[in-house]
Structures are given as structure tokens and as C-alpha cells.
Amino acid sequence: VRSVQSIADLRTQIANWRRAGLRIGLVPTMGNLHAGHIALAERARELADRVVATIFVNPTQFVAGEDYAQYPRTLDKDSRWFEQAGVDLLFAPPAEAIYPEGPAMQTKVDVAALDGRLCGAFRPGHFPGVATVITKLFNLVQPDLAVFGEKDYQQLLVIKRLVRDLFIPVEVIGHPTVREADGLAMSSRNAYLSADEREIAPQLYASLQRAAQALAAGDVDLAAIGAAGREYLTRLGFKPDYFSVCSADSLEPPRADETDLIVLAAAWLGRARLIDNVRAERPSRPGASR
Ligand code: PAF
């Protein structure tokens, strides 16, 4: 696939497409692609005339002590995969192009309404890093639409909220999580799992599904559902960061009359921090209010 590293080359190509009135779709990634990323590219391919994919291991979204240095960089393979998925242009800039003065000395975008809980509480600074780089990529590529995976549900809501709050004219599209045959959500970080850990990893999804089933069956004790999920995962050898039932719209604790819920969990398994979520529709309770 045609690949550019410089902002000047990217802008030249984008300007040509915009002049021709073409609809541009964007798929931002950190590379080390798996079938989940390819599904995002294929979705963008269906919705847009031209697809731009980005590969940028964004330093500002890694918290101190995380795997920034070790994060696998597999540009040649990724480029071939994007080619097959119908991507028209790959933008893979060096860190200095995106952060010319270094990551510390720059404007930050902070979607405060959604930070501070779930992954935000355990990875302080992560979502401002994501929001900042996505704002930069949206301004550089000026896409009509951008596609993100629903596995990173909080990230998806952060990005939807940032385009709304900052009036960025990009349609943000969520795409369903792609799973292995045994249910494990695809993730670049699954590669960190040992063979034994890989065996039990699908239990994260299984435990979320059970919680969603309990909600659908009318269980109203959300704290007990969360505690049971954490306990189950701990017994199997996970170290859960959280297992929580939230409003699917706001990620706040659900109001009593809210029916559109989501169960989200993050848990360490060996060196891998796995996250996943399952939507849950609960029966409406007549007269229920806050
Ligand atoms: O989901 C990811 O891979 C990253 O967080 C993203 C959206 C590409 C921003 O760096």
C-alpha cells in the first residue's frame, strides 16, 4: 500500500482527494495488526471512497511503566495486510512529526466527562493521550468518518464526545469486537499470554456474558454482579482492575430506569492487561426512577 511518513506528503494527497469531492474514511491504529483491525479497514472501505489508515505507537497514551518500548512494531506485515483490506494510503509518521517539541510540551485534549473511572482511573493520562493524538490525526487527515473498535468502549465514547464538544466534523463509527473462536477478544496484547494463560483468557468474556444474562433476567443488584465477576476472575488467576455495570450511554452508574447497560472489565493475566465488554439490555421496571 502507498505509505507516507511526512505531514506534507499526507496533506498533498488529502487535498487532491478533497478537491475531487471524495469521501475519506480513517482507521487509526498502533499497528501490529490482527483481524479486528482489518475489519475496521473493511468497514471504512464500504463507507468511504478513499481509506487512510494510520500506524502510530502513540507515546502519550502509555502510562509510566507500561509497554511503550516493547510494543511490537511490524510495519512491513501491517502494510501488506492493509493493502489486502483495500486501504489507499498508510500514514506512519515518526514520533517527532506528531510531537515536534516532545510529548510533554504540547496542547492536551482532556475529555474530563469520561476520564477518571474504569480504565481512566487505572491508567491516569491514558485517555488525554488518546484524545490528543486522535484530534491531531483528525485535523491532519480531515476524514469524513473514522472507525474504531467497540472492544475499547470507553475510548470510543471519549472520541465521540471529543468530536461533539470540539465541533470536529467527523462521523465516529463503532465496529463490533472481533473474537477468536473461543470468545477471546482480539488484541495485540494477547501475544503476551503464555500457553496456560491463553487457555483461561476466554473466561473474561464468559464472565461478562454471564453478568449480562443476569441483568437481562432482571437481577438488579449491580454491586453483587460486579463483585461476583471480580471474584470469579481472581479465582482463575486474573488480577481484575474492575468489573462494572454501567450505563451504555454515559458509563455512569445506571439510573434505575435505564435499560441499555454495558458490563465492562479489565484484568491482568500475567503480563497482559485484557479488557472486554458486553452490552446488556435489562427489562424496564415500570415506575423505576433514580
Ligand atoms: O485503539 C488504538 O489502537 C489507539 O488507542 C488509537 C485509537 C489508535 C490511538 O492511538
Side-chain angles (χ1 to χ4, degrees), residues 10 25-41 43-44 51-63 66-75 77-79 81-82 85 87 89-99 103 106-111 114-115 118-120 122-141 143 145-163 166 168 170-178 185-192 264 266 272-277:
L10 174 72
L26 174 65
V27 181
T29 79
M30 300 207 300
N32 192 23
L33 302 184
H34 51 68
H37 297 109
I38 298 307
L40 304 182
R43 183 76 189 280
V51 177
V52 180
T54 65
I55 294 182
F56 181 63
V57 183
N58 173 34
T60 63
Q61 71 187 77
F62 289 80
V63 177
E66 289 188 349
D67 53 348
Y68 176 64
Q70 301 95 288
Y71 202 85
R73 277 108 169 139
T74 53
L75 191 60
K77 186 202 88 181
D78 293 348
S79 166
W81 280 33
F82 271 146
V87 167
L89 185 70
L90 174 59
F91 178 51
E96 312 80 73
I98 299 297
Y99 299 110
Q106 51 120 40
T107 305
K108 281 195 184 64
V109 181
D110 184 357
V111 183
L114 285 156
D115 206 352
L118 303 172
C119 282
F122 288 91
R123 304 180 72 191
H126 169 70
F127 286 120
V130 170
T132 301
V133 82
I134 290 299
T135 304
K136 287 171 181 267
L137 293 174
F138 282 179
N139 285 333
L140 289 169
V141 177
L145 61 96
V147 189
F148 297 88
E150 287 175 353
K151 178 174 77 72
D152 300 292
Y153 189 81
Q154 190 172 9
Q155 167 173 286
L156 176 64
L157 289 201
V158 163
I159 295 165
K160 284 188 168 168
R161 182 69 188 245
L162 100 84
V163 301
L166 300 181
I168 300 178
V170 176
E171 185 188 349
V172 176
I173 294 167
H175 193 72
T177 302
V178 177
M186 291 208 183
S187 163
S188 303
R189 292 187 168 107
N190 292 349
Y192 299 157
L264 310 102
R273 185 176 185 275
L274 306 180
I275 63 171
D276 205 346
N277 62 78

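Residue indices begin at 1 and follow the sequence shown. Counting starts at 1 for both ligands and their atoms, in listed order.
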Subject >> Pairwise distance CG(Asp152) to SG(Cys119) - rounded to 0.5 angstrom >> reply: 8.0 Å
**OP:** Under the side-chain hydrogen bond (donor to acceptor under 3.5 Å, both in side chains) rule, collect the residues that match up with Gln106, sequence neighbours excluded.
**Re:** Lys136
**OP:** Could you tell me which residues satisfy side-chain contact (heavy atoms from CB on, under 4.5 Å) with Tyr68, sequence neighbours excluded, listed by chain and number?
**Re:** Val57, Pro59, Phe62, Arg73
**OP:** Work out which heavy atom in Gly129 is nearest to a heavy atom in Tyr99; give both atom names and the distance.
**Re:** O-OH, 4.4 Å
List below, pair by pair, the N or O atoms of ligand 1 and of the protein that are less than 3.5 Å apart, including the distance to 0.1 Å; reply 'none' if no pair qualifies.
from: ligand 1; atom 1: 1 (O); to: Gln155; atom 2: NE2; distance (Å): 2.9
from: ligand 1; atom 1: 5 (O); to: Gln61; atom 2: NE2; distance (Å): 2.9
from: ligand 1; atom 1: 5 (O); to: Gln155; atom 2: OE1; distance (Å): 2.7
from: ligand 1; atom 1: 10 (O); to: Gln61; atom 2: OE1; distance (Å): 2.5

**OP:** For the pair Arg273 and Glu66, find out whether any cationic side-chain nitrogen is under 4.0 Å from an anionic carboxylate oxygen.
**Re:** no
Original post:
Got a sec, which residues hit salt bridge (charged side-chain N to carboxylate O under 4.0 Å, His left out) with Asp78, two or more places apart in sequence or on another chain?
Top reply: none
